[in-house]
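Step one of this worksheet: look at the structure below.
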Number of protein chains: 2
Amino acid sequence: MTTIDDVAKLAGVSKSSVSRVINGNFQYMSEEMRGKIEQAIKELDYRPNSLAQSLKKKETKVIGLVVGDLNSFWSVALRGVQEECMRSGYGLMVSESAWDPEKDLENIHMMKSKRVDGLIVSPIRQHKQVDELLTSLDIPYVFADSTWDEVVSDQVVTNTVAGAVEAMEHLIQLGHTRIGTILFTLENSVRRERLEGYKEALRKHGLPLDESLIKICKAGKGTGVEAVLELLNRPDRPTAIFSTNMHLTLDVLKGVRQAGLDVPGDISVVGYDDSEWAPLLDPPLTTVAVPAFQMGVKAASLLIQKLQSKKPKKPKKIEIMPKLIIRHSAAELHPKQSADEASVVQLTDHSAAKEKTNENHSTGINSRKA
Amino acid sequence: MTTIDDVAKLAGVSKSSVSRVINGNFQYMSEEMRGKIEQAIKELDYRPNSLAQSLKKKETKVIGLVVGDLNSFWSVALRGVQEECMRSGYGLMVSESAWDPEKDLENIHMMKSKRVDGLIVSPIRQHKQVDELLTSLDIPYVFADSTWDEVVSDQVVTNTVAGAVEAMEHLIQLGHTRIGTILFTLENSVRRERLEGYKEALRKHGLPLDESLIKICKAGKGTGVEAVLELLNRPDRPTAIFSTNMHLTLDVLKGVRQAGLDVPGDISVVGYDDSEWAPLLDPPLTTVAVPAFQMGVKAASLLIQKLQSKKPKKPKKIEIMPKLIIRHSAAELHPKQSADEASVVQLTDHSAAKEKTNENHSTGINSRKA
DNA sequence: TTGTAGGCGTTATCAC
DNA sequence: GTGATAACGCCTACAA
């Protein structure tokens with residue numbers, strides 16, 4: 001491995017001068033010396049050892065991503081994070097705790113020992129412990145997606161309540177008054193807020209809240225099917241279902257089919273999280289699309305900006321608006337029309353002092369060529 | 001930040017001894033000293049600085065993943081890689097070139113400068129240059145998924161030809177003789193092999209090869225729709241289509257719908273790459289599922305094993321078998337039957353001296369709880 | 001304008 | 001058994 005000494009020797013100069021060239025300190029340096037050194041660097045194809053640089057400079061130019069679940073949402077968001085990192089010259093380390101809350105803490109320690117400059121975190125639970133650990137470790141961080149209600153740190157989240165409300169209002173405008181919903185256990189803010197939006201929409205439109213129409217299920221394959229069947233097998237079954245998660249939406253559709261019911265004849269369904277497959281279902285599925293890619297970009301850029309500014313600013317909360325994608329039923333589709341045709345309802349941000357993030361970004365799905 | 005010196009001071013010993021404890025060198029050490037030091041470490045919650053360790057030991061315990069496209073396949077495979085890394089105590093850096101072949105090379109350099117111990121690479125093109133760069137950089141590596149025909153290095157791939165043949169044979173057994181196929185441009189082995197499998201199946205069953213039934217399209221949204229429409233609008237249109245990529249399958253289904261045709265009444269479709277949504281289509285879609293998660297695990301463990309064994313072994317090629325998942329048509333589904341019910345055809349490995357990877361692993365989809 | 005020397009936090013090779 | 005001490009490869013006052 002060629003080192004800075006090799007370059008110095010070849011160029012016949014001291015290594016401090018080489019170091020200056022590497023770091024772009026050309027302030028008081030003769031053109032001649034600079035030329036000699038750059039020549040030598042090229043000749044040896046020398047690249048500095050980041051480890052040594054980092055040890056000295058106390059920064060690694062690497063940020064870490066600590067997520068509870070690298071699920072479909074995060075796998076898209078990850079690309080946004082990665083893209084922003086590349087653009088800003090940062091490396092990216094990733095870790096997943098796979099739903100073991102202890103591992104989130106462990107992973108943070110791991111990242112710290114690798115000396116990442118900052119962290120994007122999205123734990124599943126224990127946000128408080130995570131927050132405390134992060135501050136005690138004195139590591140710059142940004143919460144993303146999932147957060148903690150009393151959190152005072154930087155964060156990038158989607159306005160989940162607004163998304164849920166919009167989904168519900170779509171159903172209400174279609175004339176539904178008995179709307180069921182299905183959720184995963186309320187372990188984090190994202191999940192709680194979806195329920196909040198459900199309730200808020202009912203309240204807003206003067207509809208009664210029937211707790212028995214709310215089904216909360218444990219994570220796991222197929223648990224949603226049972227839940228939805230319970231909902232559908234009642235005599236006073238709901239005429240619409242708001243599914244709050246993509247995995248649950250799969251279960252809901254399976255359940256509806258198992259119950260021998262028809263969408264949208266017997267029951268309407270709106271799902272949270274969009275999928276490339278939604279337009280291909282029969283009928284095409286209306287969903288709330290969360291701009292995952294964009295969130296990844298925002299989270300990374302907020303963190304990096306934080307790393308690069310000297311003076312600490314006050315915590316910033318960036319909210320990203322989900323989009324309701326209303327898809328026509330298959331019957332209404334003209335044969336020559338694109339099956340992907342849909343109306344996109346851009347939710348408006350009602351909150352005041354928050355960063356507007358309504359640029360016309362992609363939803364993260366289909367945002368790259370294949 | 002607390003250092004090894006702080007620990008030494010607190011314990012009243014030299015830092016050499018502390019270092020021994022950290023590295024588990026208890027060979028010639030009194031119980032007493034060990035106790036004192038462990039106590040001090042705990043008290044200060046001391047964690048060694050990986051940078052300094054790595055600088056000295058010349059290993060970082062980090063591996064890198066360099067992929068051309070963090071698409072749906074790799075986003076699942078990534079979880080496998082990550083899981084194996086965590087199990088073996090390695091960190092993971094990721095990078096994506098987003099279809100810019102130059103960036104693959106750039107990312108490799110970046111990883112090298114960060115001094116990763118090894119690399120899992122899956123470039124889109126220029127496998128030869130990548131291979132050469134990797135060897136010239138003297139960095140241990142494993143090709144994964146996509147590879148290069150003349151490659152002699154370690155690699156973990158799926159037997160794409162076998163997968164394609166099986167898909168085709170399914171269609172042939174259903175009585176189809178005019179089968180169209182749709183592919184992305186043949187830039188890498190994975191893509192070429194799918195075409196190869198298409199041809200091989202025809203040959204094997206004595207069916208004629210009609211080049212005009214083979215549609216090759218550029219990457220990009222919706223290009224597949226045009227291609228499939230060309231296929232379907234001919235008077236002698238094929239009675240079945242083998243779609244070689246998930247994105248293309250979406251386009252194929254859209255195209256079929258736009259042409260006003262019915263699956264499977266007018267035309268049969270088999271897709272490469274499975275999706276959670278496949279069983280929910282009407283009719284459920286038959287696909288070739290590629291065990292992405294498993295491939296990630298295998299790639300990581302092969303690399304790590306390579307890193308940890310002293311003597312270089314001869315290059316190893318691990319082949320993973322895709323699985324054909326035959327789904328019943330909706331009409332045949334009993335209402336109380338799971339919509340996900342499907343026959344899984346486990347392809348048999350016909351090759352001789354290759355590692356068997358037919359354990360009953362998951363396909364990567366649905367392999368985690370949500 | 002350039003070079004010398006010390007130190008970043010460890011590990012490893014010696015002595016003792 | 002334990003402790004100095006010299007690297008590891010780079011950066012950066014400070015001196016020249």
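We name chains A, B, ... by the order of the sequence lines, and we start the count at 1 in each one.
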Side-chain donor-acceptor distances from residues 31-42 of chain A under 3.5 Å, at least two apart:
residue	atom	partner	partner atom	Å
Arg34(A)	NE	Glu38(A)	OE2	3.3
Gln39(A)	NE2	Glu43(A)	OE1	2.6

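- Across the protein-nucleic acid pair, Ile37(B) atom CD1 and dG3(D) atom C1' stand 11 Å apart, rounded to whole Å.
- In this structure, the CD atom of Gln27(A) is 14 Å from the C1' atom of dT2(C), given to the nearest Å.
- Taking each heavy atom of Ser95(A) and Gln82(B) in turn, the nearest pair found is CA-OE1, 3.3 Å.
- Sparse packing is recorded around CG of Asp138(A), with 12 or fewer heavy atoms of other residues, nucleotides or ligands lying under 6.0 Å away.
- Each of Asp154(A), Leu78(A), Val81(A) was evaluated against Ile120(A); a single residue qualifies, Val81(A), per the side chain to side chain contact (heavy atoms under 4.5 Å, CB included) test.
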A correct 5'-to-3' footprint of nucleotides 6-16 of chain D, with B, S and - meaning base, sugar-phosphate only and no protein heavy atom under 4.0 Å, is -BBBBBBB---

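- Nearest approach of Ala144(A) to Ala299(A), heavy atoms of both residues: CB-CB, 4.1 Å.
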